[in-house]
Amino acid sequence: MEYFDITIIGSGPAGATTARFAAQHGLKVLLLDKRQELGAPVQCSGAVSRHALLDNEVSISDEFIQEAIYGFSIFDTQGACSKIDYRDLKPDTYGPGPEQTPLGYVVDRRRFDRYLMTLAERAGTQVILKAEAKGYEREGADVIVKIKHFNEDVQVRTKIIVGADGLQSQVGKWAGLQTHLKFTELASCLQFVVDQVAADGLLEIVTGHQWAPGGYAWVFPKGHGYVEIGLGVICSMTEFNARWHLDHFLKRSFFKERFRDARILEVQGGGVPLSHPLRTQYADNMILVGDAARHVNPITGGGIHTALSSGKIAGEFLSGFIASGQVPNAQNLSTQQDLWMAALGRKMWELYEIKAQIFRMKNIEQRDEALFKTMAEYFSPNSPFKKI
Amino acid sequence: MKSLPVIFSISWNACIKCGVCVAICPQDAGFISDFDTIAVQTPCDIACMICEEICPVTAITHEIIGTNGLMRVDEG
């Protein structure tokens, strides 16, 4: 039976980044994904900051970029706009010119996830697609992972399993961790990629209970002149589903004239955990990263940056851990969570508290106002929040 | 009063494979279909119905497993 120092389940941004850093440091790494095409079906708007990519050593490539982003427009429920365009605010740094850079990008998750997997593979990771992990059991200090690969049963021996299996994570459940999301903290999201709607290099965020109860609506440029229009809702705050709300937003909002000729090119949806990160993200022979550990920014719902960063932390931690020869029990692996808390986790808890405070408000007008103000503040250059 | 067990059906025509139903499901590991939705052939004895409620495109319906076989429930 083949042995790997670590076996990573799921090749999204978190899993592939964990694999890349672990392999770079010389570990024997196996990266599994059950899908035939990474990133598909798309469950994400694809917005990510430039510094999130660079900080995590992902070079900017045309292979995955759909559109360069230069700032934000935050709308209140009536359509009043707080525009935060870094081309105007910091023209020395941000812009389309040769001496300038974008603030961020909208990426194609299919190409982005494949790119990250390729980086991991080039660093020495063994990648297997169409490989579904079905469970694991202890054997001595190691575990045996049961895999179904093109309908054939395969087993590998490994020291540590990394659960990077996303929102629907089964790995955490296998280990008996409390991974359950509250109904009031999982946003149900739907978006259309459309033609015939103009945009101008800004991420547009529309707040307001009447458009997206518990979340917000968005209009993001998607490259080739397309945009994506979507929203996320908390279902305990509405009697309608996300599809109804998206239809309502398209036809009834202050953007209805702008959206009049929209032609739908793609339909995508997903869940965004607007919860706090898991309190325990490790067990014997196992750690969780990315969406599986609820590493999502609870204010923005963004999860790419947090996934990349937690992957880097995990990959580097595991390299040192394996080299040290420590027993991979829960207690020893808890250091991973300590490192993550110091780098990212504490900030995410703070953002969660802010978000929870807003949505505890019973008065809709007050809540709308608080969300608009927080969003506008979050994205402003003078923001007290360190971006994650 | 405890809910009666149910069996879920997914309209594959409506389903967008977003996985939200699996993410919100309080069942133990493995209550999933081969198409990344909640299980469709195994009875659910929790029957909390939050998967139906959270589905962005209303792709999920259920049948109550009563003492006299199946009862069809079309809307929620």
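The model shown is predicted, which means the values in this text are computed figures rather than measured ones. Proteins come first, then strands; the chains are lettered A, B, ... in the order of their sequence lines, and each starts at number 1.
- Ranked by heavy-atom pairs under 4.5 Å with chain B, the first of A/Gly271, A/Gly270, A/Cys189 is A/Gly270.
- Ranked by heavy-atom pairs under 4.5 Å with chain B, the list A/Lys134, A/Arg243, A/His180, A/Lys34 is led by A/His180.
- Neither the backbone nor the side chain of B/Cys48 comes within contact range of chain A; no heavy atoms are under 4.5 Å apart.
- Note: B/Ile50 CD1 to A/Lys182 NZ = 12.5 Å, rounded to the nearest 0.5 Å.
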A/Leu190 and B/Ile16: CA distance, side-chain angles, deciding distance, side-chain contact (heavy atoms from CB on, under 4.5 Å) verdict: CA-CA 9 Å; A/Leu190 188 68; B/Ile16 55 170; 3.5 Å; yes
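- Closest non-hydrogen pair, A/Ser188 versus B/Cys55, comes out as OG-C, 4.1 Å.
- For NZ of B/Lys17, the number of neighbouring non-hydrogen atoms (other residues, nucleotides, ligands) closer than 6.0 Å is greater than 12.
- Using a 4.5 Å cut-off between heavy atoms, A/Gln268 touches chain B through its backbone atoms (N, CA, C, O) alone.
- When all heavy atoms of B/Ile24 and A/Leu181 are compared, the pair lying nearest together is CD1-O, 3.6 Å.
- Interatomic distance, B/Asp34 CG to A/Glu132 CD, rounded to the nearest 0.5 Å: 7.5 Å.
- Between atom CD1 of residue B/Ile32 and atom CD of residue A/Gln170 there is a gap of 4.0 Å, rounded to the nearest 0.5 Å.
- Across all their heavy atoms, B/Gln27 and A/Lys173 have their closest contact at O-NZ, 2.6 Å.
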